[in-house]
There are 2 protein chains.
Amino acid sequence: MRMSTRARYGLRLMVELGLRYSEGPVFLREIAKVEEISEKYLSQIIIPLKAARLVTSFRGAHGGYILARPPAQITLKDIIETLEGDFDLVECVKNPETCTRVSICVTRSLWQDLGKKMAETLDSKTLDDLVRQCKDKQNCAMYSI
Amino acid sequence: MRMSTRARYGLRLMVELGLRYSEGPVFLREIAKVEEISEKYLSQIIIPLKAARLVTSFRGAHGGYILARPPAQITLKDIIETLEGDFDLVECVKNPETCTRVSICVTRSLWQDLGKKMAETLDSKTLDDLVRQCKDKQNCAMYSI
DNA sequence: TACAAATACTATTGATTTGGTAGTAATTGG
DNA sequence: CCAATTACTACCAAATCAATAGTATTTGTA
C-alpha cells in the first residue's frame with residue numbers, strides 16, 4: 001500500500017508554499033528546483049490544489065503561486081483528500097446502492113472505520129505543523145538555497 | 001484512495017472461513033458461491049494467505065481450507081498486511097537510503113505516522129469481531145444458504 | 001487401481017492507473 | 001513588443017489490477 005507520487009509531491013509543494021507564505025507568490029520553477037521535482041509535473045499537480053481553493057495563482061510575468069490562506073488554516077486532510085481522493089476505501093461506503101450485499105456485509109463498516117481514522121489523523125495536523133518542523137530543522141530545502 | 005479487490009475479497013473470504021472455523025475444511029467453491037466471487041480469483045487470493053500461515057489447505061478429494069488458528073487470534077492487520085503489503089506509505093519509511101532527502105524532508109514522518117495509525121487500527125480488531133458481527137446479523141452469507 | 005473432486009501452479013490478457021512529457025495558448029509586468 | 005509565467009490539451013510508456021484459462025498434482029473413495 002503506497003501513497004501516490006501526486007500526493008507526495010503535492011504535499012512537499014504545499015510545504016514549500018507554506019515556508020514562503022509571507023513572501024508573496026512563488027514561481028513553480030523555484031519550488032521544482034528546490035524539491036527536485038519536474039516543473040511540468042508539479043504544474044499538473046497544482047491544478048487540483050487550485051481548484052480546491054487551497055492555492056491561488058497569478059498569471060503572467062512575476063506571477064506565481066501562494067497559499068490561499070495561512071498554513072495553520074490548511075489541514076493535511078485538505079491536501080491529501082484533494083490529491084488522493086476521499087477516504088472512502090471502498091465504493092459502497094459512499095454509494096451503498098452499488099453493492100447488493102451491503103445489508104449482510106460486515107466488512108463495509110471496517111473500511112468505513114479505517115477511512116475515518118485516516119481522515120481524523122490527517123485532520124488533526126495542519127500544514128503549519130510541517131512548516132514549523134521544517135524551520136526547526138534549520139536545513140529545510142527553502143533555506144538551503 | 002481505494003482498497004484493492006484483493007484485500008476486499010480476501011477479507012470476505014477470511015470472514016467466511018471464520019464463520020465455519022469449527023466445521024473443518026471448507027471448499028473454496030462454496031465460499032465463492034456464497035460471496036459471489038469468482039472461484040478462480042479466490043484461489044489466487046488465498047495463496048498469500050496460505051503463505052502467511054493464516055490459512056491451512058488440504059488437497060485432493062474432500063480437501064478444502066481452514067483457518068490456521070482461531071479467528072480471535074487473527075487480527076485484521078494480519079490479513080490486510082498480507083494482501084495489501086505493509087503500511088509503509090512511502091518507500092523511504094522502510095528504506096531511508098532510497099531517498100537523498102530524508103534528512104531534510106518533513107513529510108516522511110507524516111507518512112510514517114499515518115501508516116502506523118492504520119496498522120494500529122487494524123491490529124486492534126480481530127477476525128472474530130467480524131465473525132461475531134456477522135452472526136449477530138443473523139442474515140450473513142453463510143447462514144443464508 | 002481408476003476416478004472424481006479438490007487444490008497448486010503457470011501463463012496470459014485487457015483495462016485502468018500511474019507518472020510523467022511535449023507543445024501550444026493565454027496572461028501580464030515592464 | 002517581449003520575456004516570463006501560468007493554463008490547457010494531448011499523448012505515451014510502464015506498471016498495476018482484476019481477472020481468466022489451462023494444466024498439473026494430490027487424495028479419499030468406490
Side-chain angles (χ1 to χ4, degrees), chain A residues 1-13 16-17 20 24-33 35-68 80 83-86 89-91 98-99, chain B residues 1-13 16-17 20 23-33 35-68 80 83-85 89-91 98-99:
Chain A
M1 181 178 284
R2 290 285 187 275
M3 200 52 57
S4 70
T5 61
R6 269 175 65 91
R8 294 192 286 119
Y9 290 175
L11 181 59
R12 283 162 59 187
L13 166 62
E16 294 294 341
L17 287 179
R20 296 213 181 183
V26 185
F27 302 141
L28 211 51
R29 173 163 303 167
E30 289 186 40
I31 294 179
K33 194 177 179 185
E35 284 287 338
E36 299 173 283
I37 302 172
S38 148
E39 184 189 345
K40 271 292 187 188
Y41 194 21
L42 274 187
S43 75
Q44 297 299 322
I45 293 172
I46 209 167
I47 291 173
L49 293 170
K50 264 193 56 188
R53 297 185 181 281
L54 299 177
V55 164
T56 304
S57 68
F58 297 94
R59 302 183 67 165
H62 302 282
Y65 296 93
I66 190 171
L67 294 181
I80 305 307
L83 296 170
E84 198 76 3
D86 57 44
L89 265 18
V90 297
E91 177 67 20
T98 57
C99 180
Chain B
M1 181 178 283
R2 289 287 187 276
M3 199 53 56
S4 70
T5 61
R6 271 173 64 90
R8 293 190 287 117
Y9 289 177
L11 181 59
R12 283 162 58 188
L13 166 61
E16 293 294 341
L17 287 179
R20 295 213 182 182
E23 301 169 26
V26 185
F27 303 141
L28 211 50
R29 173 163 304 169
E30 289 187 41
I31 294 179
K33 193 177 179 186
E35 285 288 338
E36 300 173 281
I37 302 172
S38 147
E39 184 190 344
K40 272 291 189 187
Y41 194 22
L42 275 186
S43 76
Q44 298 299 322
I45 293 173
I46 209 168
I47 290 173
L49 293 170
K50 263 193 57 189
R53 298 184 181 282
L54 299 178
V55 164
T56 305
S57 68
F58 298 93
R59 303 185 66 165
H62 301 283
Y65 296 93
I66 190 170
L67 295 180
I80 306 307
L83 295 170
E84 197 77 2
L89 266 18
V90 298
E91 178 67 20
T98 57
C99 180

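A quick note: this is a predicted structure, and the numbers were derived from the prediction, not measured. Lettering follows sequence order; numbering is per chain, from 1.
Counting heavy atoms from C-beta on, the side chains of A:Val90 and B:Arg8 come closer than 4.5 Å. The closest side-chain heavy-atom distance from A:Ile37 to A:Arg12 is below 4.5 Å. Between B:Leu83 and B:Tyr9 the shortest side-chain heavy-atom distance does not fall below 4.5 Å. Side-chain contact between A:Leu13 and A:Leu28 is present, with heavy atoms from C-beta onward closer than 4.5 Å. Counting heavy atoms from C-beta outward, B:Arg6 and B:Gln44 have side chains that stay 4.5 Å or more apart.
Annotation: proximity of residues 40-49 of chain A to DNA chain C (heavy atom, distance under 4.0 Å) is found for A:Lys40, A:Tyr41, A:Gln44, numbered in ascending order. In the region residues 54-63 of chain A, proximity to DNA chain D at under 4.0 angstrom, judged on heavy atoms, holds for A:Ser57, A:Phe58, A:Arg59, A:Gly60, A:Ala61.
When the side-chain nitrogen and oxygen atoms of B:Ser38 are compared with OP1 and OP2 of D:dT20, one or more of them lie within a distance under 4.0 Å. For D:dT5, neither phosphate oxygen OP1 nor OP2 lies less than 4.0 angstrom from any side-chain nitrogen or oxygen of A:Tyr65.
When every heavy atom of A:Ala68 is checked against every heavy atom of A:Arg53, the shortest pair comes out as CB-O, 3.3 Å. Contact record, B:Leu17 with B:Tyr65: CD2-O, 3.6 Å, taken as the closest heavy-atom pair. Taking each heavy atom of A:Pro25 and A:Gly63 in turn, the nearest pair found is CB-O, 3.6 Å.
Rounded to whole Å, atom C1' of D:dT16 lies 12 Å from atom CD of B:Glu84. Atom P of nucleotide D:dA18 and atom CD1 of B:Ile37 are separated by 12 Å, given to the nearest angstrom. One can place CD of A:Glu30 at 13 Å from C1' of D:dA4, the figure rounded to the nearest angstrom.
With sequence neighbours left out, A:Arg2 forms a side-chain contact (heavy atoms from CB on, under 4.5 Å) with B:Asp86, B:Asp88, B:Glu91. Residues that satisfy the side-chain hydrogen bond (donor to acceptor under 3.5 Å, both in side chains) test with A:Glu39, not counting sequence neighbours, are A:Arg29. For B:Ala52, the side-chain contact (heavy atoms from CB on, under 4.5 Å) criterion is met by B:Leu54, B:Thr82, not counting sequence neighbours.
The nucleotide range of DNA chain C contacted by chain B, defined by atoms under 4.0 angstrom from heavy atoms of the protein and reported 5' to 3', is C:dA5 to C:dT10.
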